[in-house]
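Step one of this worksheet: look at the structure below.
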Amino acid sequence: MRTRALVLRAGAEVIAARGYEGATISEILEHAGVTKGAMYFHFPSKQALAEAVIEEQTSISTVPATMSRLQDAVDLSQRVARSLQRDPLLQAGTRIAVETGFGDEPIVPYRQWTDVFRSLFAFAQEAGEVLPTVSAQETAETFVSSYLGVQLFSQAATNREDVCERVAALWRHLLPGIATPGVLARIDPYGSGDHDDELDTVPEYDMAQHGTTDVASS
């Protein structure tokens, strides 16, 4: 398991730096400091390694719950944005998704992320935070697709230095169309600060216990 984690991390770092197409097995092996046999024992191909990177970076099946599920959605998006600035797994996942998205075998996490945000919007709607006319599924798809574009634009413009500000701007445009008037003023598009823990900490609210989808499964 230590070898697997070492290769996974090395693969993510090389892919984040070189891109999926540019990353080579030899460079990943050199970066990990392991033999070809050790890598192939866990990952028989570069595609298998890429799929593991995607699974790892979308393995959030639980989301901390506060008094506001809509704020929880904002907080999660900002936590991911901050992690994108420094976490090679998330950075590699983005490059893999973009570079393989138009190929014959795309490796993309869009459905998993859409499931997470659909659940959050649905819970917020049940709590009276989201307008009853809003479709949780449509809103989740719109947000995830927009989020991808926002963080790619930030990567191109500032190497993601301003990604949190751009995500906040996305929320400022989206929230007036989905949030109930009494809730809108209470939502902080920069995040509430209640979820400043890293993405790999143990959350407090298990979405799987409430009929939602585990995004680690595909």
Side-chain angles (χ1 to χ4, degrees), residues 9 12-13 15-17 19-20 53-66 68-99 101 107-121 123-124 129-130 136 139-179 184 186-205 207 215-216:
R9 186 74 179 183
E13 290 174 351
I15 291 171
Y20 177 68
V53 169
I54 289 290
E55 181 176 351
E56 188 75 15
Q57 66 108 17
T58 56
S59 61
I60 304 171
S61 60
T62 52
V63 176
T66 66
S68 169
R69 294 268 70 189
L70 194 52
Q71 184 67 65
D72 293 342
V74 175
D75 291 351
L76 175 60
S77 71
Q78 289 288 13
R79 289 169 64 212
V80 172
R82 291 194 298 274
S83 292
L84 272 167
Q85 294 174 323
R86 60 184 181 274
D87 189 340
L89 275 172
L90 284 166
Q91 294 168 356
T94 296
R95 298 204 67 165
I96 291 166
V98 171
E99 291 183 35
I107 310 171
V108 295
Y110 307 139
R111 182 181 64 80
Q112 295 96 318
W113 284 114
T114 299
D115 286 344
V116 170
F117 282 95
R118 177 196 55 78
S119 297
L120 288 168
F121 291 138
F123 278 119
E129 297 182 294
V130 169
T139 303
E141 291 174 355
T142 299
F143 176 75
V144 171
S145 59
S146 300
Y147 190 93
L148 174 64
V150 161
Q151 62 96 5
L152 286 175
F153 195 102
S154 176
Q155 167 66 22
T158 66
N159 196 28
R160 293 197 180 96
E161 288 184 7
D162 65 351
V163 65
C164 293
E165 287 75 14
R166 292 185 184 275
V167 170
L170 172 60
W171 281 113
R172 285 197 298 271
H173 284 79
L174 178 65
L175 287 170
I178 67 170
L184 181 59
R186 301 199 303 267
I187 303 299
D188 185 350
Y190 285 93
S192 66
D194 292 339
H195 298 163
D196 282 341
D197 51 321
E198 298 299 325
L199 289 175
D200 58 356
T201 54
V202 179
E204 301 168 355
Y205 187 94
M207 295 174 69
V215 298

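The two residues Tyr147 and Ala81 have their closest heavy-atom pair at OH-N, 3.1 Å. Across all non-hydrogen atoms, the minimal contact from Pro88 to Ala16 is O-CB, 3.9 Å. In this structure, Val74 and Asp188 approach most closely via the heavy-atom pair CG1-O, 3.2 Å. Nearest heavy-atom pair, Gln71 versus Ser192, reported as atom, atom and distance to 0.1 Å: NE2-N, 3.5 Å.
Classification of Asp115 and Arg111 as a salt-bridged pair holds, one side-chain N sitting under 4.0 Å from a carboxylate O.
To the nearest 0.5 angstrom, Phe117 atom CZ is 13.0 Å from Gln112 atom CD. Put simply, CG on Leu175 and CD1 on Ile187 are 6.5 Å apart, with the number rounded to the nearest 0.5 Å. Note that CZ of Phe123 is 14.0 Å distant from CG of Leu70, once rounded to the nearest 0.5 Å. Note that CG of Leu89 is 5.5 Å distant from CZ of Arg9, once rounded to the nearest 0.5 Å. Atoms CD and CG, on Gln85 and Asp162 in that order, are 9.0 Å from each other to the nearest 0.5 Å. The line from CZ of Phe153 to OG1 of Thr158 is 9.5 Å long, rounded to the nearest 0.5 Å.
Using modelled atom types, one side-chain atom of Glu129 and one backbone atom of Arg69 make a donor-acceptor pair closer than 3.5 Å. Judged by distance alone, the side chain of Tyr20 and the main-chain N or O of Ala97 form no donor-acceptor pair under 3.5 Å. Side chain of Thr139 to backbone of Ala136: no donor-acceptor contact under 3.5 angstrom is found. At distances below 3.5 Å, at least one donor-acceptor pair connects side-chain atoms of Gln78 with backbone N or O atoms of Cys164. Formation of a donor-acceptor pair under 3.5 Å by the Asp72 side chain with backbone atoms of Thr66 is found in this model. In terms of modelled atom types and a separation under 3.5 Å, the side chain of Arg95 and the main chain of Gln91 share no donor-acceptor contact.
Annotation: side chain of Thr94 is in contact with side chain of Arg160 (closest heavy-atom distance under 4.5 Å).
There is no side-chain donor-acceptor pair under 3.5 Å between Gln151 and Arg166.
Screening Leu170, Val150, Leu120, Leu148 for a side chain to side chain contact (heavy atoms under 4.5 Å, CB included) involving Phe143 leaves a single residue, Leu170.
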